[in-house]
Amino acid sequence: MRVYFDNAATTALDPEVLKEMFKVMESQFGNPSSIHSHGREVRTLIERSRKTIAGLLHTSPAEIFFTSGGTEADNTAIRCGIVDHKLTHAITTKLEHHAVLHTLQAMQKSGVIKLSYADVDSKGNVDYDHLETLLKTNDRSFVSLMHANNELGTLTDIERVGELAEAYNALYHSDTVQTVGHYKHDLSKLKLHFMVCAAHKLHGPKGVGFLHINHKVKINPMIYGGSQERNMRGGTENVYGIAGLAKALEMAYADMDSHQNYIQDLKSYMKAQLEQNVPGVSFNGETDPSKSLYTVLNVSFPEMEMADMLLFNLDIAGISASGGSACSSGTDIGSHVLTAIGANPDRPSVRFSFSKYNTKDEVDYTVAKLKDLCAVVI
Ligand SMILES: Cc1ncc(COP(=O)(O)O)c(C=O)c1O
């Protein structure tokens with residue numbers, strides 16, 4: 001059996017999305033910036049995709065800017081939001097994805113900003129009182145707090161952060177990469193200045209996403225060149241990717257409630273099976289469904305011999321999972337997220353992340369393997 005439990009790293013392309021992309025690849029090759037009919041056809045397709053996405057998120061197409069994915073969108077929001085608004089202070093937490101953390105830390109290092117970290121508890125929940133203190137006691141701030149943590153699944157109350165940001169005249173960016181297409185965002189109500197999407201997290205293609213910029217905020221481009229994206233991002237558009245992204249989001253919204261129930265049920269089932277079958281197992285991050293992303297279960301296993309081999313042994317058994325943020329896999333450093341919540345470094349942790357394509361049989365197979373692998377406990 002081969003099991004894919006690494007959907008927070010990336011998801012399988014939905015066959016309907018692939019079909020849509022193929023259709024474009026086969027029939028439309030014009031450059032969307034060309035003014036002739038070949039170009040205009042493709043321009044229309046891009047604008048139709050933008051309109052679809054904006055409609056689903058309750059915003060205006062003029063606020064959606066296509067990018068190469070989550071990392072570029074995060075970098076643009078942070079760098080241009082801070083520099084163009086002449087902000088000198090930023091607030092984040094130590095749990096953010098490196099696309100956010102490393103960008104802010106680079107700006108701190110080069111002296112552009114002072115960086116503060118809002119406290120988090122042992123499950124990864126933001127301390128909103130501390131956030132307010134930081135907002136109150138510093139100059140006008142740039143706040144970057146993600147919607148769902150990609151390693152733990154713990155959710156941030158982005159409505160509450162938006163209210164706080166508004167009260168202190170701060171700019172609020174949220175890395176929503178793990179939640180777009182998994183929850184319904186109403187951008188007409190959320191007090192966000194910037195939010196981001198990566199298509200490959202919602203059964204869309206890799207290398208494409210978008211940055212939403214609230215019309216109240218103006219920034220300059222990060223990538224200069226042509227006049228694409230209304231002068232906000234130079235470079236010929238990833239046309240097939242954009243068509244695939246719009247289709248993937250449309251499909252995610254069409255079946256969101258049933259997928260959410262199905263996946264939440266799988267996650268709860270796996271949690272219960274692990275508790276029954278693997279002595280000493282516990283969980284990193286929030287597990288309360290109202291505070292936790294339904295696609296992520298981060299499991300902490302008892303100390304064992306060859307702990308480093310756990311993921312490897314799962315892989316040998318055909319099970320793909322992750323030992324932290326997938327974006328850092330391949331590097332040999334531990335998880336900065338687990339370190340920041342004070343997780344015991346001697347207990348191996350594995351993030352299992354689910355999609356609509358997973359089944360209870362896969363959970364049973366994985367739990368049985370884990371039971372065997374954890375049998376030698378010291
Ligand atoms: C929370 C979060 N932000 C940003 C990214 C980066 O997105 P992309 O791979 O599209 O650059 C990821 C990818 O894992 C992520 O999980």
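Small disclaimer: the values here were computed from a predicted structure and weren't measured.
- Atom CG of L314 is separated from atom CG of L373 by 6.0 Å, given to the nearest 0.5 angstrom.
- Here the straight-line distance linking atom CD1 of I223 with atom OG of S68 works out to 6.5 Å at 0.5 Å rounding.
- The closest side-chain donor-acceptor pair between K291 and N125, if any, does not fall under 3.5 angstrom.
- Under 3.5 Å, the side chains of D288 and S290 contain a donor-acceptor pair of N or O atoms.
- A donor-acceptor pair shorter than 3.5 Å cannot be found between the side chains of N358 and Y262.
- Put simply, the side chain of H130 gets close to the backbone of D119: a donor and an acceptor are under 3.5 Å apart.
- In summary, the aromatic rings of F5 and F354 are positioned with their centroids under 6.0 Å apart.
- Ring centers of H212 and H185: at least 6.0 Å apart, outside the cut-off.
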**Asked** Stepwise, does the side-chain hydrogen bond (donor to acceptor under 3.5 Å, both in side chains) test hold for R233 with T76?
**Response** CA-CA 10 Å; R233 191 216 184 232; T76 307; over 6 Å; no
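- Hydrophobic clustering places V350 together with V296 (ILVMFWY residues linked when any side-chain heavy atoms are closer than 4.5 Å, directly or through intermediates).
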**Request:** Evaluate the side-chain hydrogen bond (donor to acceptor under 3.5 Å, both in side chains) criterion for residues S268 and Q264: first the C-alpha distance (whole Å), next the side-chain angles of each, then the deciding distance (0.1 Å), finally the verdict.
**Result:** CA-CA 6 Å; S268 304; Q264 178 63 59; 3.2 Å; yes
**Asked** Between R79 and D84, is a salt bridge (Lys or Arg N to Asp or Glu O under 4.0 Å) present by the stated rule, with each step listed?
**Response** CA-CA 8 Å; R79 286 196 169 278; D84 296 335; over 6 Å; no
**Asked** Could you go step by step and tell me if Q260 and Y183 meet the side-chain hydrogen bond (donor to acceptor under 3.5 Å, both in side chains) rule?
**Response** CA-CA 8 Å; Q260 176 165 358; Y183 295 99; 4.8 Å; no
**Request:** Please test D255 against K356 for salt bridge (Lys or Arg N to Asp or Glu O under 4.0 Å), starting from the C-alpha separation and ending with a verdict.
**Result:** CA-CA 10 Å; D255 282 325; K356 60 185 180 181; over 6 Å; no
**Message:** If you apply the rule side-chain hydrogen bond (donor to acceptor under 3.5 Å, both in side chains), what do you find for S174 with H147, and how did you get there?
**Reply:** CA-CA 6 Å; S174 185; H147 190 185; 5.8 Å; no
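- A side-chain hydrogen bond (donor to acceptor under 3.5 Å, both in side chains) with N284 holds for exactly one of N149, N298, T154; it is N298.
- For T103, the side-chain hydrogen bond (donor to acceptor under 3.5 Å, both in side chains) partners at least two apart in sequence or on another chain are N75.
- In this structure, a donor-acceptor pair under 3.5 Å is present between the side chains of E132 and Y168.
- Residues L18 and V239 share a hydrophobic cluster, clusters being chains of Ile/Leu/Val/Met/Phe/Trp/Tyr side chains in contact below 4.5 Å.
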